[in-house]
Participant: 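My questions all concern the structure below.
Numbers restart at 1 for each chain; the letters A, B, ... are given by sequence-line order, proteins then strands. Worth saying up front: this structure is predicted, and the values here are computed from it rather than measured.
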Number of protein chains: 2
Amino acid sequence: MTENTELLTMFKALADANRLKIVGLLAGQPYSVEELAALLGLKASTVSHHLARLVKVGLVNARAEGYYSVYQLDKSALETMSRSLFSPEKITSTAEDVDLDAYDHKVVADYTRRDGSLKTIPAQRKKLDAVLRHVVQAFETGKHYNEKRVNEILSAYHEDTASLRRELVGAGLMKRERDGSAYWRAE
Amino acid sequence: MTENTELLTMFKALADANRLKIVGLLAGQPYSVEELAALLGLKASTVSHHLARLVKVGLVNARAEGYYSVYQLDKSALETMSRSLFSPEKITSTAEDVDLDAYDHKVVADYTRRDGSLKTIPAQRKKLDAVLRHVVQAFETGKHYNEKRVNEILSAYHEDTASLRRELVGAGLMKRERDGSAYWRAE
DNA sequence: ACTTTATTTTGATAAGTATCGAATTAAATT
DNA sequence: AATTTAATTCGATACTTATCAAAATAAAGT
């Protein structure tokens, strides 16, 4: 949540009918709080509140003038924004603090018992893959295992060790010698 | 409220942290409802609701794929929007249904009694102007009045007819002969 | 046809926020 | 200094909406 909050507060600032109208009015000319209140049919306190939010995101600014504080639109800020707001970087940044492994974790959690064994082997590709990525971590990288040892390890997860073994190889998560004499975890 | 509601619904659609994250995630690759729910730590029903709003504004669309309905970002729509959303026309259109005379009306209402007479003559320029624009309507356009008649008409508004008359001329709302023999309403 | 799985819809609830009125602050004229 | 006027702040209320749980759909594999 570095600067994607900037995006969010910006959109929130504009996600109100009256604030949008204020921006539209100020695009034509500067106005005082009192004038805006009369134009919108709102109380001055309400308009003041709206203006404060627009100031906070840098869209408008105020200058004192006689009795009034006159608000005006910062058009350069508006232009800058229209160019940057929807840039690919800004868009993708909104999801940067999302844990991309959360789906795998949830699937694994859904399919495993408290003792770590699998309730069933998922039938669906996506979920099977998630579970396989979990199971393969029981093997050390760079180490070779014979089939008997592989089955022993897999039996902690499910009795159908043959299926698990086959799926692991099929998914490319484990490799094996052509003659089946040895298995190892893919890098 | 023709298409400025489009602007509003668009901003509202993006004015939510989780919907922004969804857009950010879909910018990277398509996802199913279930996956998004796991990634965001939300229930599927909630995500479904968010996606429906994003679909409604045309930012994302869904395609059925096996068990899942896979949602993807409409990047062209995103680009179109980023260009048009902050255009001067769109911005000013948000205020197009605002009654620009509302301020004058309010000022006049504040300063007049039920019988139409003025409580006081406003000291402030802006309000005085608003009241003068109201008072001048008591005169027909294209007709000439002598000073006595002008004062009779103005006396319905305030006893200080001399000030009213002077201000009306000063504001350019009424014209007069150099010798003061006749007054008429400016076009 | 039946079962499983994902999605959507529907209420209900909780969190957020727009609005107002009253009180306070700030600024300018008398 | 005192008074008027505009703006802001504060507290309360009403409205909106994000979220979830449960029920209803939809779709696929058995």
Participant: Find the distance B:Tyr71:OH to C:dA6:C1' and express it as a whole number of Å.
Facilitator: 11 Å
Participant: Checking contacts here: which listed nucleotide (D:dT19, D:dA28, D:dA22) is nearest the side-chain heavy atoms of B:Tyr67?
Facilitator: D:dA28
Participant: Return the OG1 to CE distance between A:Thr5 and A:Met10, rounded to the nearest 0.5 Å.
Facilitator: 11.0 Å
Participant: Under 4.0 Å from any atom of DNA chain D, heavy atoms only: list the residues of residues 116-125 of chain B that qualify, in numerical order.
Facilitator: B:Gln124
Participant: Without decimals, in angstroms, what is the distance between B:Asp16 CG and C:dT17 C1'?
Facilitator: 14 Å
Participant: Could you pick out which residue, A:Lys43 or A:Gly66, lies toward the 5' side of DNA chain C when each is mapped onto its nearest nucleotide?
Facilitator: A:Lys43
Participant: Rounding to a whole Å, what distance do you find between A:Leu40:CG and C:dA18:C1'?
Facilitator: 13 Å
Participant: Are a donor atom and an acceptor atom from the side chains of B:Ser32 and B:Glu35 found within less than 3.5 Å of each other?
Facilitator: yes
Participant: To the nearest Å, give me how far apart CD (B:Glu34) and P (C:dT4) are.
Facilitator: 17 Å
Participant: Using the side-chain heavy atoms of A:Ser45, tell me which of these nucleotides is nearest: C:dT19, C:dA22, C:dT7.
Facilitator: C:dA22
Participant: State whether A:Lys148 and A:Glu152 are salt-bridged, where the test is any N-O pair (Lys NZ or Arg NE/NH1/NH2 against Asp/Glu carboxylate O) under 4.0 Å.
Facilitator: yes
Participant: Counting side-chain heavy atoms from CB outward, which of C:dA18, D:dA27, C:dA28 is closest to A:Arg19?
Facilitator: C:dA18
Participant: How many Å lie between CG on B:Asn18 and C1' on D:dA18, as a whole number?
Facilitator: 9 Å
Participant: Examine B:Lys106 relative to B:Tyr111 and say whether NZ or CZ is less than 6.0 Å from the centre of the six-membered ring and inside a 45° cone about the ring axis.
Facilitator: no
Participant: In Å, rounded to the nearest 0.5 Å, how long is the span from CZ of A:Arg19 to CG of A:Leu59?
Facilitator: 11.0 Å
Participant: Minimum heavy-atom separation for B:Lys75 to B:Ala27, with atom names?
Facilitator: NZ-O, 3.1 Å
Participant: So, taking the atom named OH in A:Tyr71 and the one named CD1 in A:Ile22, what distance separates them when rounded to the nearest 0.5 Å?
Facilitator: 10.0 Å
Participant: Quick one: do B:Glu147 and B:Arg165 make a salt bridge, cutoff under 4.0 Å?
Facilitator: yes
Participant: Could you check, using the six-membered ring where one of them is a Trp, whether B:Tyr145 and B:Phe139 have ring centers closer than 6.0 angstrom?
Facilitator: yes
Participant: Check each residue of residues 50-65 of chain B for a non-hydrogen atom within less than 4.0 Å of any atom in DNA chain D, then write out the ones that pass by number, or none.
Facilitator: B:His50, B:Arg53
Participant: Using the closest heavy atom to pick a nucleotide of DNA chain D for each, name whichever of A:Thr46 or B:His49 lands nearer the 5' end.
Facilitator: A:Thr46
Participant: What's A:Ser69 touching, base or sugar-phosphate or nothing? Going by heavy atoms closer than 4.0 Å.
Facilitator: sugar-phosphate
Participant: Which is true for A:Lys12 with a 4.0 Å heavy-atom rule: it touches a base, it touches only sugar-phosphate, or it touches nothing?
Facilitator: sugar-phosphate
Participant: Between atom CG in B:Leu128 and atom P in C:dT29, what is the gap in whole Å?
Facilitator: 15 Å
Participant: What integer distance in Å separates B:Glu35:CD from C:dT7:C1'?
Facilitator: 14 Å
Participant: Quick one: A:Leu20 CG to C:dA18 P, roughly how many Å, whole number?
Facilitator: 12 Å
Participant: Is a salt bridge present between A:Glu34 and A:Lys43, judged by a nitrogen-to-oxygen distance below 4.0 Å?
Facilitator: no
